[in-house]
Amino acid sequence: MIKRVNKIQIELPRPEHGDMNGASAVQELLGGKFGEMSTLNNYMFQSFNFRGKKKLKPFYDLVASITAEEFGHVELVANTINLMSFGNTFPGDPDSTPLQNGKDARYSLHFTTTPQTAYPGDSMGRPWNGEYVTNTGNLIADLLHNYLLEIGARTHKMRVYEMTEHPTARTLTGYLLVRGGTHIIAYAKALEVATGVDVGKMLPVPRLDNSKFDYAKKFMDQGLYNVLYTWGEPEYRDISKIWKGKNPETGQQLTVIDGMPEGAPVPDFEELPEEFAPGIDRDDYERILKRLMSNL
């Protein structure tokens, strides 16, 4: 089971102005081949299908722990897209064409298919595909795939960072560069334990460290490049048998936190009457409230 906590992993700045075309680029980090939906589902199915969980427990614990974090990354990217969708249309009579900006946006799905919110697809509107999941059942093959998947994800994050100056997008990508880089190191260390090969000597890939990105610096300063989480579950503490020693890039000590990230409040998004969302007017609300109160 996965216990859901009503927080997001970091606080995302609420922008003064939206950027729908910027949000379309961020979509790649959600539903693209190397997006967070792919990392989540790769690790989730590998953890579901893991053979020899007791015999190879530290490896199972590692994949399961990172799975839990990836769920939060999907949530974080979706909230970023939603915040970047702020202020792009206006309420009004249907004949006043309140959604007129949608016809010039490169990602019209944000206006037609969702109420200017995240879509489970890539930056071109293609839905996320289950064929992006690799679960061979062979431990070393899956760990190597995960290592390369995280490198691909890191490359995409760096490119999206350079595509938009929007502060919400850059806060997201700065954080994901740090945490995704941590996962690269985690899988490199797992491969080293399993094979004896020092994969960490290859890092960072691509050859640009996180300190080059202004929005990543504060997360580096918080030490988030050096920690993995047990999510408060004692069953996952054996990740410390893999996640130990020094960070190969910073030389800092690696730490297992017996808990979870502090987190931040989930944004509460404004109603969009021009998108008929949530589609509840004042009279509807009063009737719903009355029915709710009658059940107390």
Side-chain angles (χ1 to χ4, degrees), residues 1-5 7 9 36-76 132-154 175-176 178-200 202-203 219 222-250 252-263:
M1 294 185 291
I2 293 179
K3 179 180 179 180
R4 180 161 183 169
V5 178
K7 290 184 176 182
Q9 290 179 0
E36 301 300 328
M37 290 183 67
S38 288
T39 50
L40 167 65
N41 281 283
N42 270 268
Y43 311 155
M44 184 167 65
F45 278 92
Q46 288 174 14
S47 66
F48 290 163
N49 301 334
F50 198 104
R51 295 185 182 275
K53 292 183 180 69
K54 294 180 180 178
K55 184 177 180 179
L56 299 167
K57 187 173 182 296
F59 298 98
Y60 168 71
D61 287 1
L62 183 73
V63 175
S65 171
I66 297 177
T67 298
E69 182 170 357
E70 294 295 349
F71 182 93
H73 288 183
V74 172
E75 185 177 37
L76 201 62
Y132 297 157
V133 171
T134 295
N135 177 207
T136 68
N138 181 284
L139 177 62
I140 294 174
D142 284 347
L143 290 174
L144 182 59
H145 167 78
N146 296 352
Y147 173 72
L148 295 173
L149 175 62
E150 289 285 359
I151 288 174
R154 171 176 165 79
Y175 176 75
L176 292 181
V178 173
R179 292 307 298 160
T182 305
H183 296 165
I184 293 174
I185 295 170
Y187 287 124
K189 283 189 165 290
L191 284 165
E192 182 178 0
V193 173
T195 67
V197 177
D198 188 357
V199 184
M202 298 171 58
L203 300 175
F219 303 116
Q222 293 171 15
L224 295 183
Y225 203 37
N226 306 310
V227 300
L228 287 180
Y229 303 96
T230 67
W231 307 94
E233 299 297 330
E235 291 87 352
Y236 298 139
R237 290 176 182 166
D238 278 352
I239 59 176
S240 62
K241 295 180 179 178
I242 296 174
W243 190 250
K244 60 184 179 180
K246 302 290 185 179
N247 186 310
E249 293 185 40
T250 66
Q252 297 172 334
Q253 187 66 38
L254 301 177
T255 305
V256 174
I257 293 180
D258 192 9
M260 58 181 291
E262 181 179 347

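Values in this document were obtained by computation on a predicted structure and should not be read as measured data.
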Peer 1: What I'd like to find out is whether the side chain of Lys57 reaches to under 4.5 Å of the side chain of Lys241, using heavy atoms alone.
Peer 2: no

Peer 1: With Glu235, which residues qualify under side-chain contact (heavy atoms from CB on, under 4.5 Å), at least two apart?
Peer 2: Glu233

Peer 1: What distance do Leu143 atom CG and Glu192 atom CD have between them, rounded to the nearest 0.5 Å?
Peer 2: 12.5 Å

Peer 1: Only counting residues at least two apart or in another chain, list the ones meeting side chain to side chain donor-acceptor pair (under 3.5 Å) with Tyr225.
Peer 2: Glu249

Peer 1: Which atom pair, heavy atoms only, marks the closest approach of Ser47 to Ala64?
Peer 2: CB-CA, 4.3 Å

Peer 1: When you compare the side chain of Leu228 with that of Tyr236, does any pair of heavy atoms fall below 4.5 Å?
Peer 2: no

Peer 1: Less than 4.5 Å apart, any side-chain heavy atom of Asn41 and any of Phe45?
Peer 2: yes

Peer 1: Taking C-beta and beyond as the side chain, do Gln253 and Lys246 meet within less than 4.5 Å on heavy atoms?
Peer 2: yes

Peer 1: Counting C-beta onward and ignoring hydrogens, is there a side-chain heavy-atom pair between Asp142 and Asn135 closer than 4.5 Å?
Peer 2: yes

Peer 1: How long is the gap from CE on Met260 to NZ on Lys7, to the nearest 0.5 Å?
Peer 2: 7.0 Å

Peer 1: Are the side chains of Tyr187 and Val199 in touch, meaning some heavy atoms are under 4.5 Å apart?
Peer 2: no

Peer 1: Which heavy atom of Lys189 sits nearest to which heavy atom of Leu254, and what is that distance?
Peer 2: CE-CD1, 3.1 Å

Peer 1: Nearest heavy-atom pair of Ile185 and Pro248: which atoms, and what distance?
Peer 2: CG2-CD, 3.7 Å

Peer 1: Got more than 12 heavy atoms from elsewhere within 6.0 Å of OH, Tyr132?
Peer 2: yes

Peer 1: Give the minimum heavy-atom separation between Trp231 and Ser65, together with the two atoms involved.
Peer 2: NE1-O, 3.1 Å

Peer 1: Could you tell me whether the side chain of His73 reaches within less than 4.5 Å of the side chain of Leu40, counting heavy atoms only?
Peer 2: no

Peer 1: I want to check something: taking the side chain as every heavy atom from C-beta on, are Glu262 and Gln222 in contact at a cut-off of under 4.5 Å?
Peer 2: no

Peer 1: Between Trp243 and Ala186, is there a donor-acceptor pair closer than 3.5 Å when you use the side chain of the first and the backbone of the second?
Peer 2: no

Peer 1: Just one of Val193, Ile242, Ile239 clears the side-chain contact (heavy atoms from CB on, under 4.5 Å) bar with Pro58, so which one?
Peer 2: Ile242

Peer 1: Output yes when Arg237 and Asp258 qualify as a salt bridge under the 4.0 Å nitrogen-oxygen rule, no when they do not.
Peer 2: yes

Peer 1: Suppose we screen for side-chain contact (heavy atoms from CB on, under 4.5 Å). Which residues come up paired with Ile140, at least two apart in sequence or across chains?
Peer 2: Asn138, Leu191, Ala194, Thr195

Peer 1: Quick check against the 3.5 Å criterion: does Thr182 have a side-chain atom that pairs as donor or acceptor with the backbone of Asn226?
Peer 2: no

Peer 1: Thr39: which residues meet the side-chain contact (heavy atoms from CB on, under 4.5 Å) condition with it, sequence neighbours left out?
Peer 2: Glu36, Tyr43, Glu70, Leu149, Glu150

Peer 1: Can you tell me how far the CG atom of Leu203 sits from the OH atom of Tyr147, to the nearest 0.5 Å?
Peer 2: 4.0 Å

Peer 1: If you measure from CZ on Phe71 to CD on Gln9, what distance do you get to the nearest 0.5 Å?
Peer 2: 10.5 Å

Peer 1: Drop me the distance from Ile66's CD1 to Asp61's CG, to the nearest 0.5 angstrom.
Peer 2: 11.0 Å

Peer 1: Would you please name every residue forming a side chain to side chain donor-acceptor pair (under 3.5 Å) with Ser240, sequence neighbours left out?
Peer 2: none

Peer 1: Over all heavy atoms of both residues, which pair between Leu62 and Ala190 is shortest? Give the atoms and the distance, please.
Peer 2: CD2-CB, 3.7 Å

Peer 1: Any side-chain donor-acceptor pair under 3.5 Å between His145 and Gln46?
Peer 2: no

Peer 1: Quick check for you: to the nearest 0.5 Å, what is the distance between Arg179 atom CZ and Leu76 atom CG?
Peer 2: 12.0 Å

Peer 1: Ignoring hydrogens and geometry, is there a side-chain-to-backbone donor-acceptor pair from Arg154 to Gly181 under 3.5 Å?
Peer 2: no

Peer 1: Once side-chain contact (heavy atoms from CB on, under 4.5 Å) is applied, do any residues pair with Lys53, and if so which ones, sequence neighbours excluded?
Peer 2: Phe50, Tyr60

